[in-house]
Amino acid sequence: MSPVSLDRHFYERNTQVVAFELIGKVLVFKENGTKISGKIVETEAYFGAKDPASHAYRGMTPRNRVMFGAPGVSYVYFTYGNHHCLNVVTEKEGTAGAVLIRALEPMEGIELMKKRRGKANEEQLTNGPGKLTQAFGITREHSGINLTSGSFYIGETGDQEFLSIQTAKRIGISRAKDELLRFYLSTSDHVSVR
DNA sequence: TATTGGATCGCC
DNA sequence: GCGATCCAATAG
């Protein structure tokens, strides 16, 4: 059974709250009749004008435009000449904010993920922001898509499980390093860095 | 137009 | 620990 997608109101809140609550939700991506999905186990919050580590810190540019737009929309960017990173836009329209999806636990489409990643070990398929976009086949073409409906969305698992969520410093940034805006499922073997 | 550094990854 | 690799943003 497919999970029910989270609605706009879920994302139209404080970015930090959304980042925390996205832990345990399911990312679903259907393309060409193939369904790929995974449970979100690690996120980071990025604000706008008040966050020096955010792409939106210095205002709107062609790249970060969607961060200022409607909540619940994807923001995908390309970095380090090799990697794509997937975010979901937060806050009310006009206010910049996004949650970076950093790691997943693969659920469906594992064989395709292994093929794309060139890895046999399931734990290494989606345990990093660049790895999960490679495994899912997500690129800049998938930026600006509404994730509250359609074939690319985030939903509830339906499971009533207790989640032990840890808070930590964000990874791979040079400014605002000490902000505790990273969240991860402490019981997961699929988190990017321990 | 040129330069710089990056919300990463994988190999050394 | 470090190089790959390309693009966006900023400076000149």
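Proteins get letters first, then strands, A, B, ... in listed order; numbering begins at 1 in each.
Position along DNA chain C of the nearest nucleotide to A/Asn64 versus A/Asn82 favours A/Asn82 as the more 5'-ward residue. In this structure, A/His55 and A/Gly81 both approach DNA chain C, and ranking their closest nucleotides by distance from the 5' end singles out A/Gly81.
What separates CG of A/Asn127 from P of B/dA7 is a distance of 20 Å, to the nearest Å. Distance, A/Leu100 CG to B/dA7 C1': 5 Å, rounded to whole Å. A/Tyr57 places its OH atom 12 Å from the P atom of C/dT10, with the value rounded to the nearest Å. The interatomic distance linking A/Met67 (CE) with C/dA9 (P) rounds to 12 Å, in whole Å. Between the CZ atom of A/Arg116 and the P atom of B/dC9 there is a distance of 17 Å, rounded to whole Å. If you measure from atom NE2 of A/His84 to atom C1' of C/dA8, you get 14 Å, rounded to the nearest angstrom. When rounded to the nearest whole Å, the span between CG of A/Leu86 and P of B/dT8 equals 14 Å. Summarising the geometry, the separation between CG on A/Asn87 and P on B/dT8 is reported as 11 Å, rounded to the nearest angstrom.
Side-chain nitrogen and oxygen atoms of A/Arg170 include none within less than 4.0 Å of the OP1 or OP2 phosphate oxygen of B/dT8. For C/dA8, the OP1/OP2 oxygens have a side-chain nitrogen or oxygen of A/Arg140 closer than 4.0 Å. OP1 and OP2 of B/dG5 both lie 4.0 Å or more from every side-chain N or O belonging to A/Ser174. The phosphate of C/dA9 (OP1 or OP2) has a side-chain N or O of A/Arg63 nearer than 4.0 angstrom. Between B/dA7 and A/Lys177, no contact under 4.0 Å exists linking OP1 or OP2 to a side-chain N or O. For A/Thr61, a side-chain nitrogen or oxygen approaches OP1 or OP2 of C/dA9 to under 4.0 Å.
Both tests hold for A/Arg170 against A/Tyr46: distance to the six-membered ring centre under 6.0 Å, angle to the ring axis within 45°.
Side-chain N/O atoms of A/Asn146 and A/Thr148 include a donor and acceptor closer than 3.5 Å. For the 3.5 Å distance criterion, the side chains of A/Thr15 and A/Glu91 qualify, holding a donor opposite an acceptor. Between the side chains of A/Gln166 and A/Ser186, no donor-acceptor pair is found at a separation under 3.5 Å. No donor-acceptor contact under 3.5 angstrom links the side chains of A/Gln134 and A/Arg116, judged on distance only.
Among the atoms of the strands shown, only primed sugar atoms or phosphate atoms (P, OP1, OP2) are found under 4.0 Å from some heavy atom of A/Phe78. Using a 4.0 Å heavy-atom criterion, one finds that A/Arg175 contacts no nucleic acid atom at all. Using a 4.0 Å heavy-atom criterion, one finds that A/Ile173 contacts the sugar-phosphate atoms exclusively. Counting any heavy atom pair closer than 4.0 Å across all strands shown, A/Arg102 reaches sugar-phosphate atoms only and no base atom.
Ion pairing between a basic and an acidic side chain is recognised when a charged N comes within 4.0 Å of a carboxylate O; A/Lys114 and A/Glu122 show no such pairing.
Across all strands shown, C/dG3 forms a Watson-Crick or G-U wobble pair, both distances under 3.5 Å, with B/dC9.
Side-chain proximity of A/Lys119 to C/dT10, B/dC9, B/dG10: nearest is B/dG10. Among C/dA9, B/dC9, B/dG6, the nucleotide with an atom closest to any side-chain atom of A/Lys131 is B/dC9. The A/Tyr80 side chain lies nearest to B/dT8 when the options are B/dT8, B/dG10, C/dA9.
Comparing C/dC2 with B/dG5, their C1' atoms sit 16 Å apart, to the nearest whole Å.
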